[in-house]
Amino acid sequence: MLASRLSRRAVLAGTAAAAAITTLPSLSGTAEAATPSYRWRQVAIGGTGFVTGVLFHPSVRGLAYARTDIGGAYRWDDRADRWIPLTDHLGWDDWNLLGVEAMAVDPAHPNRVYVSLGTYAQSWAGNGAVLRSEDRGATWARTDLAVKLGGNEDGRGTGERLLVDPRDSDTLWLGTRHDGLLRSTDRGATWAAASTFPGTPKATGQGVTLLVAAGRSVYAGWGDSDGTAPNLYRTTDGTTWETVPAQPSGTSAKVPIRAAYDCHTRELYVSYANAPGPGGQSDGSVHKLATASGKWTDVTPVKPGGTTADGSSDTFAYGGVAVDARRPGTVVVSTNNRWAAVDTLFRTTDGGRTWTSLKDSAVLDVSETPFLTFGADKPKFGWWIQAVALDPYDSKHVVYGTGATLYGTRDLKHWAPQIRGLEETSVRQLISPSTGQAHLLSGLGDIGVMYHERLTASPSRGMASNPVFGSATGLAQAAAKPSYVVRTGFGDHGNGAFSNDGGKTWAPFAAQPAVAKDSPGPIATNTDGSVLLWTFVHWDGTKYPAQRSTDNGATWTEVAGYPKGATPLADPADPTRFYAYDTDTGTLFASTDSGLTFTGRAGQLPSGDSQFQLTAAPGRSGDLWLSTKTNGLYRSTDGGAAFAKLTSCWASHTLAFGKAAKGADHPAIYMVGSTESITAVYRSDDGAKSWVRINDDQHQWGWIGATIAADPRVYGRVYIATNGRGIQYGEPV
């Protein structure tokens, strides 16, 4: 799953239409009151993102850890049969640390765990960090690094890139992408370059792809070889490094992906690919090294490059590899990026002489997370399989990660998602309906739109179908006709659909503008559902004219005067009114003829950031609220003719309205923003005169600026869209 690149810019520009901006003082005398008691939980979907690593503890039964590319780290609670999130304390300013590059445990000290964090290694992202814990991740100590890591970049499924030295528990090794190998001698508190490591750092590339202990030696994979130069090194004394002799070469062994050591046979198994993955791979192999003799053996289960039954080229690489701690010579490896014949796990019990494909006899049960069928009759065994782990206390307990879940088995035949508690969705849109069975509808990255009839179980209908979308781009409900919902997104068989039963079932638009296929943007419907407005923005930033329909998407016409690319907003009380905020010019546009034409109203408002958000207070015509990030919060009570800036907060990223507090004359308002020094989740019961923070330091979830929704039927309940931790919801205790 891909996380959004997050812009932190806040540009103030004045242009266009005229209207005065006034300032509203805070009437309460204080902007923030004491934090009320809130209970925070996850809306259950189940995984939905790329699990990049799983690590069983070698000396504690039932203890395991998992890492994700944008959703943090987890610990397995064997008694509760679920994953416990370990990095939700990372807040707004640390959003780049929700991508986990690597993790490590100490076999001699079961309570110690380490994670290296950093989502992107690009110039606009912050440096990485290492967290270290003495209590299995319940609490952490943190060391900020002077280098960048890339938990959501190519090669994120390799590893692990972090290792406790087998000779000394105080010594740790950390492989980086662009800065070589680092070493710590104080359990991760401080780090320095391993000066004798032979790999030459590059400004781009993969650098160290894996670190693994083999007895008292440490092996390191190097991802920047051309296929002929060495890509595997080792140290036997913890000080000097050498090239491993006679190692495999060629395209199929260009990048070491993962490695595992069989201590019984003293053999090291290494999986290889011609690219770091998870995508872009077309060749690979598996080799084993007898560490005592130095002899290499090619034990590749199936050579890539054959032809499938339908004539397709069977190209793929190898990914995960795990050894059985109880049975010598028993190993499991995964294929990766095998789209034609579908990825599988191969298992050997004789050191790689013969292999069995576990997919061939697999029975998949996804009843707990039905979205995994992705609109098909049955789920696939998996794709992007680079995380494979074998329970050291149970030879038949194997788990493997995919681009959407984590499958597990206890008998090597029956497989089911082992994913409870792990939520990694990147959330784009949320609606909490005023009536109906569902309290929540969601628009998500990669897995479309879902109808949440329960918050504690994955939606029984799975992803919305007819058509099935990948990523959702728009979701809207008619305010006075909540049974009518529309959605847009990226799909192979249409990019828009409508529902007349609140989102349970869908029908595709009978037609759509040609530009919708590659550039489906947000959509709005007026209060009675008689008019649709659809905007179009390509991934490269190109904006196209908005289109209007009055017949459920059977026909479309271009809208005059509409600012290209702006997100449409329907007035919640007047079906003839629509609004759009042009972030390029800082101008509010409005329509009073059901979206036929738009004209500019208030201008000289903050501009320059496409993530500014316009929201309308429910049940009132023309009551508009404009969140402009660190430029503040603005309000208009006259349909956008003029806006006043509120002084009760200095930053507002996203806003929602919910059921009013008892005795209050205004809906409760929820905001991700800032009233003092930190960005947090706030509630106001007095029309934004004052705010109370409702999340706490242990529930922050990184960047949460996409959208929020508040329940119109349950006072105090708010839904938070995260960029990798799914949907979080809170309620007063």
Side-chain angles (χ1 to χ4, degrees), residues 1-6 42-52 66-72 98-99 119-120 151-154 156-157 277-280 336-337 339 343 366 369-376 379-387 401-407 417 419 422-430 440-452 458-459 461-465 467-475 487-497 506 517-522 537 539 701-703 706-707 721-728:
M1 176 175 291
L2 298 179
S4 305
R5 174 174 174 174
L6 308 179
Q42 303 171 129
V43 175
I45 301 176
T48 74
F50 188 22
V51 179
T52 50
R67 62 177 168 98
T68 65
D69 54 1
I70 64 171
L98 263 292
T119 310
Y120 299 107
N152 191 41
E153 298 195 346
D154 286 350
R156 59 195 183 273
N336 188 66
N337 210 47
W339 296 101
D343 278 304
V366 298
T369 50
F371 78 89
L372 287 171
T373 62
F374 288 91
K380 292 183 178 180
F381 191 76
W383 74 100
W384 282 12
I385 305 176
Q386 292 188 299
T402 78
T405 193
L406 185 71
Y407 282 110
I419 204 71
L422 196 158
E423 300 289 346
E424 204 199 345
T425 323
S426 178
V427 185
R428 312 294 178 79
Q429 300 93 23
L430 294 173
L440 186 68
L441 304 176
S442 64
L444 311 167
D446 294 343
I447 57 171
V449 169
M450 290 195 176
Y451 177 90
H452 302 265
S458 185
R461 297 174 179 273
M463 298 166 58
S465 57
V468 171
F469 289 165
S471 292
T473 58
L475 183 63
R487 61 183 174 96
T488 54
F490 288 93
D492 294 332
H493 304 288
N495 302 91
W506 299 86
K517 180 172 179 57
D518 296 320
S519 308
V537 181
W539 62 266
W701 318 289
W703 186 77
T707 189
T722 77
N723 191 55
R725 279 290 289 118
I727 307 167
Q728 305 289 329

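Residue numbers count from 1 along this sequence. Quantities reported herein were computed from a predicted structural model and do not represent experimental measurements. Keep in mind that the numbers below use all heavy atoms, side chains included, and drop hydrogens, waters and symmetry copies.
Once rounded to the nearest 0.5 Å, the distance linking CD1 of Ile45 with CE of Met463 reads 11.0 Å.
Applying the side chain to side chain contact (heavy atoms under 4.5 Å, CB included) criterion to Ala404, with sequence neighbours excluded, gives Phe371, Leu372, Phe374, Trp383, Thr402. For Gln728, the side chain to side chain contact (heavy atoms under 4.5 Å, CB included) test picks out Gln42, Trp701, Ile720, Thr722, Arg725, with sequence neighbours left out. Taking Tyr407 as the reference, Tyr400 meet the ring-ring contact (aromatic ring centres under 6.0 Å, His included) condition, with sequence neighbours excluded. Phe490 pairs by the ring-ring contact (aromatic ring centres under 6.0 Å, His included) definition with nothing, not counting sequence neighbours. By the side chain to side chain contact (heavy atoms under 4.5 Å, CB included) test, Val537 pairs with Lys543, sequence neighbours left out. In terms of the side chain to side chain donor-acceptor pair (under 3.5 Å) criterion, residue partners of Thr488 (sequence neighbours excluded) are, by chain and number, Thr473. Applying the side chain to side chain contact (heavy atoms under 4.5 Å, CB included) rule to Asn337 yields the partners Gln281, Trp339, Trp384; only residues at least two apart in sequence or on another chain are considered.
Between Leu422 and Ala66, the closest heavy-atom pair is CD1-CB, 4.4 Å. The shortest non-hydrogen separation linking Leu430 to Thr707 is N-CG2, 4.0 Å. When all heavy atoms of Ala472 and Gly448 are compared, the pair lying nearest together is CB-O, 3.8 Å. The two residues Ala387 and Val51 come nearest to each other via the heavy atoms CB-O, 3.6 Å. Summarising the geometry of Met450 relative to Pro459, their closest heavy-atom pair is SD-CG, 3.7 Å, with the distance given to 0.1 Å. Pro370 and Ser458 make their closest contact through CD-OG, 3.8 Å (heavy atoms, listed as atom of the first residue, atom of the second, distance).
Remark: Arg156 fails to qualify as a cation-pi partner of Phe50 under the 6.0 Å distance and 45° angle criteria applied to the six-membered ring.
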Set out, in order, the CA-CA distance, both residues' side-chain angles and the distance that settles side chain to side chain contact (heavy atoms under 4.5 Å, CB included) for Asn152 and Tyr120, then state yes or no.
CA-CA 6 Å; Asn152 191 41; Tyr120 299 107; 2.9 Å; yes

In sequence, state the C-alpha distance, the side-chain angles, and the governing distance for Thr373 and Val366, and then conclude on side chain to side chain contact (heavy atoms under 4.5 Å, CB included).
CA-CA 8 Å; Thr373 62; Val366 298; 4.1 Å; yes

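A donor-acceptor pair is defined here as one N or O able to donate and one able to accept, closer than 3.5 Å; such a pair exists between the side chain of Asn336 and the backbone of Ile385. Put simply, the side chain of Glu424 gets close to the backbone of Ile70: a donor and an acceptor are under 3.5 Å apart. Judged by distance alone, the side chain of Gln386 and the main-chain N or O of Thr52 form no donor-acceptor pair under 3.5 Å. Side chain of Thr48 to main chain of Thr425: a donor-acceptor pair is present (N/O by atom type, distance under 3.5 Å, no hydrogens or angles). Between the Asn495 side chain and the Gly489 main chain, a donor and an acceptor come within less than 3.5 Å of each other.
Just one of Arg428, Gln429, His452 meets the side-chain hydrogen bond (donor to acceptor under 3.5 Å, both in side chains) condition when paired with Ser442; it is His452.
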